[in-house]
Structures are given as C-alpha cells and as structure tokens.
Amino acid sequence: MTEAAETPRAEAFSPARQRLHQYAQLSAIVIIVVGCYLILHPFVPAILFAAVVCSATWPFYARLRQALWGHSAPAALAMTLLLIVLVIGPTLLLAATLADSVSSIVETSKAVLTGGPIKPPAWVRTIPIVGEVLSDYWQRLASSRDSLSTQWHGLLEPARNFVLGAGKAVGEGLLQMSLASFIGFFFYRDGEALMLVIRGALHNIAGTLGGELLATIDNTVTGVILGLFGTALAQALVALAGFYIASVPAAFLLATATFFLSVIPIGPPLVWGGAAAWLLFEGQMGWAIFMALWGLLAISTIDNVVKPYLISRSSNLPLLLIVLGVFGGVSAFGFIGLFIGPPVLAIGLTLMRLWLARRSGEKAAQAQAAAAAPGAGGAR
C-alpha cells in the first residue's frame with residue numbers, strides 16, 4: 001500500500017525534476033561559456049589578428065610547406081619569423097622612433113619660439129598677385145611675438161601628450177602582435193585540422209551553406225588584406241624612398257603616416273605635399289619639385305593602379321566601411337585593431353550580400369514553382 005502511494009508521487013515530481021535537471025545543465029553551460037570568455041577576452045585581438053593574417057597568407061604557406069617536403073612545423077616557423085620581420089619589426093622601430101623624437105621635437109620648437117620672430121622667406125614676396133599680401137601678413141604675425149609664443153607654448157604640451165599616447169598605443173599593439181605571432185604559429189601548423197573542425201561545426205549549423213560561407217570569408221579577408229594593406233605598404237615604401245632621396249627629416253615617421261593615411265584618398269598627398277612644402281620653405285626649390293612629382297607620379301598612382309588589381313579577387317569594400325573599420329577597430333582593440341576592423345566589416349557585408357542573394361533566389365524559385373503548378377495540373 002505504501003509503495004503504491006509513493007509511485008504516483010514520484011511520477012508527479014518527475015517533470016519538475018526533469019526541468020530542474022535541464023536548468024542545472026543550462027546553468028553549467030552558461031558558467032562555462034562565460035568563464036571561457038573571461039579567460040580568452042584579453043587575447044581576442046591577437047587571435048583575430050592571427051586568424052586574418054594566416055587566412056590571407058595561407059597560399060604562400062602552402063607553397064612554402066611543399067618546398068620543405070611537406071613538413072608543417074618548419075614552414076609555420078618560417079612564416080612566423082617572416083611576420084615578425086615584416087610587421088613587428090617596423091612597429092618596434094616606429095615605437096622607438098616616437099619615443100626618441102618627442103622630446104627633441106618639443107625642445108627644438110621651444111628654442112625656435114624663444115629665438116625671435118620667424119621672418120618669411122624672400123621667395124614669398126615674389127609670388128604673383130598674393131606675394132606681398134602674404135609677406136605683410138607673415139610680418140605682422142611674427143611681430144606679435146609674445147602672443148604667438150604664448151599660443152604655441154599652450155599647444156606644445158597637448159601635442160607632446162598626444163604623441164606620447166600614440167607611442168603607448170603602438171607599444172601595446174606591439175605586445176598584441178607578439179602574442180599573435182605565437183598564436184599564428186599554431187594556426188599555420190594545425191590549420192588544416194582546425195578547418196576540419198570548423199567545417200564540421202558549420203555543416204551542423206548551416207548545412208551545405210557552411211562550405212560556401214568559409215570560401216566567402218577566405219576570399220573576402222584575402223582581398224581586403226592584399227588590396228587595402230598591400231597598397232598601404234607599397235605607398236609607404238615608395239614614399240620612404242622619396243623622402244630619403246630628398247633628405248626629408250623623419251623619413252620613417254612620414255612613411256608610417258603615409259601607411260596609416262592611405263585608407264583615405266586624400267591622406268598620402270597630405271604627407272608628401274607637406275614634405276614638398278617644407279623643402280620649398282627651406283629654399284630647396286629643385287627638391288621640392290622632385291618631391292611633388294614623386295608624390296603625384298609614384299605614391300598616389302599606386303592607389304589607382306595597384307589597389308584595384310589586388311582587391312579584384314573579393315567584393316569591393318565601400319570607402320565609408322573602410323574608414324569605419326579602421327577607426328572602429330582601433331577604438332575597440334587598440335593599434336592592432338587597424339588590421340582587424342576592415343576585414344571583419346568586410347566579412348559582415350559579404351555575408352549579408354550572400355544571404356540576400358540566397359533569399360532572392362529562393363523567392364524566385366518559389367515564384368517559378370507557383371507559376372508552373374497550374375500548367376502542370378492542366379497538362380495532366
């Protein structure tokens with residue numbers, strides 16, 4: 001009698017216990033996911049950077065591995081060292097140059113400001129129509145020495161703080177890139193096994209669409225990295241050669257500025273145009289003309305010739321999305337976000353276009369099936 005009374009009670013509590021068991025499982029999964037996120041959160045920028053670089057350079061790694069008789073570890077090590085030389089090396093040099101140049105630039109500016117008014121060059125007055133007006137205005141501005149010095153002294157300190165902050169950001173990005181190089185070694189070495197796991201997971205989630213998604217992401221990342229940053233690197237190297245030939249000071253810093261500003265069409269002309277103006281101000285008319293011609297015919301032409309060729313293998317990324325990706329990536333991940341933001345936004349845009357195209361195709365197929373249904377019935 002007692003056993004008969006306990007059995008319905010156990011059956012009555014069975015759904016409640018089942019729900020409690022499900023809640024406990026869900027809570028455990030949430031705790032594990034949150035714990036994994038908190039542990040990996042500091043390394044997300046480095047992981048994304050390593051993934052982007054490995055995806056874009058995988059064909060070169062495959063050829064290098066084939067040349068090394070199929071050995072993955074030596075090829076992965078060679079690619080990691082190449083990444084250190086081409087990316088981390090210039091970044092380290094930039095951080096060191098910024099640290100060494102800030103104090104000297106500030107002290108030189110203070111010495112110039114306290115040394116007396118800066119008179120306009122003689123060639124300013126020879127400019128047709130506006131030469132005398134510009135020279136007189138320059139003289140009046142230089143004669144008000146006290147007010148001008150006060151204004152410049154007020155601007156020097158914020159400028160120095162800004163440059164120091166930029167140097168700190170570059171240093172933090174350097175640490176992230178070093179970590180990304182370490183992670184990239186394992187991505188190269190175990191990339192194929194990792195891709196099998198990802199393909200299986202995407203196949204379970206998206207079915208046959210998973211392979212298409214991976215191919216689309218790979219093509220997009222490769223096109224953006226080569227088209228955007230390949231062009232930026234080419235412009236920076238050509239600009240660096242021109243700055244060295246014309247003996248422009250701080251040539252490496254100006255080339256670095258050209259690299260960063262190349263995402264904006266008017267960016268590089270601001271750099272080489274400023275260098276040409278400085279040469280003209282120093283009275284080096286010939287070198288100023290050379291710098292202007294070098295900028296027009298060599299530096300800026302790369303943006304119109306090399307970028308379309310490199311980015312043609314992926315969907316074209318709108319300029320607004322590129323700019324938002326650069327600044328948003330830097331805001332979210334620091335200096336290393338410069339290389340993460342545009343590819344991530346490009347992937348999002350490409351996947352959205354792919355989804356819209358598939359939706360349109362499905363609707364068109366449904367419309368054709370609906371239109372063919374009455375005819376098929378009539379034929380029967």
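What's counted below: heavy atoms across the whole structure, side chains too, no hydrogens, waters or symmetry copies.
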Worksheet entry | Derivation and outcome, side-chain contact (heavy atoms from CB on, under 4.5 Å), residues I289 and M285 | CA-CA 6 Å; I289 295 175; M285 180 70 70; 4.1 Å; yes
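- Taking all atoms of both residues into account, the shortest heavy-atom contact from T258 to P268 is CG2-CB, 4.1 Å.
- Atom CG of D190 is separated from atom CE of M195 by 13.5 Å, given to the nearest 0.5 angstrom.
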Discussion item. Does W272 form a side-chain contact (heavy atoms from CB on, under 4.5 Å) with L296? I'd like the steps, not just the answer.
Written reply: CA-CA 9 Å; W272 58 258; L296 286 173; 3.8 Å; yes
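- For the atom pair I47 CD1 and I183 CD1, the distance stands at 5.0 Å (nearest 0.5 Å).
- Between F290 and W287, the angle of the ring planes goes over 60°, which puts this pair in the perpendicular group of the 30/60° scheme.
- Taking the six-membered ring for Trp and the full ring otherwise, W58 and Y61 have centroids separated by under 6.0 Å.
- Each of T231, L233, V238, L237 was compared with Q235 under the side-chain contact (heavy atoms from CB on, under 4.5 Å) criterion, and only T231 meets it.
- From F243, atom CZ reaches atom CG of L254 across 5.0 Å, with rounding to the nearest 0.5 Å.
- For the pair T80 and S181, the tightest heavy-atom approach, listed with the atom from each and the gap, is CG2-O, 3.4 Å.
- Within the model, atoms CZ of F185 and OG of S72 stand 9.5 Å from one another, a figure rounded to the nearest 0.5 Å.
- Atom CG in L83 sits 8.5 Å away from atom CE in M177 (nearest 0.5 Å).
- F60 and Y188 end up in the same hydrophobic cluster when Ile, Leu, Val, Met, Phe, Trp and Tyr side chains are linked at under 4.5 Å.
- The minimum heavy-atom distance linking A50 with A180 is given by the pair CB-O, 3.5 Å.
- Within the structure, side-chain hydrogen bond (donor to acceptor under 3.5 Å, both in side chains) contacts touching residues 34-50 (residues at least two apart or in different chains) are Y37-H41.
- By the criterion of side-chain heavy atoms lying less than 4.5 angstrom apart, applied directly or through intervening Ile, Leu, Val, Met, Phe, Trp or Tyr residues, M352 is grouped together with L345 in one hydrophobic cluster.
- Screening residues 60-86 for salt bridge (charged side-chain N to carboxylate O under 4.0 Å, His left out), with sequence neighbours left out, gives R65-E192.
- Shortest non-hydrogen contact noted between A276 and A288 is O-CB, 3.5 Å.
- L240 and W294 fall into different hydrophobic clusters, where Ile, Leu, Val, Met, Phe, Trp and Tyr residues are linked whenever their side-chain heavy atoms come under 4.5 Å apart, directly or through other members.
- Between P42 and P45, the shortest heavy-atom distance links the atoms O-CD, 3.9 Å.
- No side-chain donor-acceptor contact under 3.5 Å links S55 to the backbone of A51.
- Under the 4.5 Å side-chain contact rule for hydrophobic residues, V248 and L270 do not share a cluster.
- Transitive grouping of hydrophobic side chains (ILVMFWY, heavy atoms separated by less than 4.5 Å) brings F43 and F187 into a common cluster.
- The CG atom of L324 sits 11.5 Å away from atom OG of S331, with the distance rounded to the nearest 0.5 Å.
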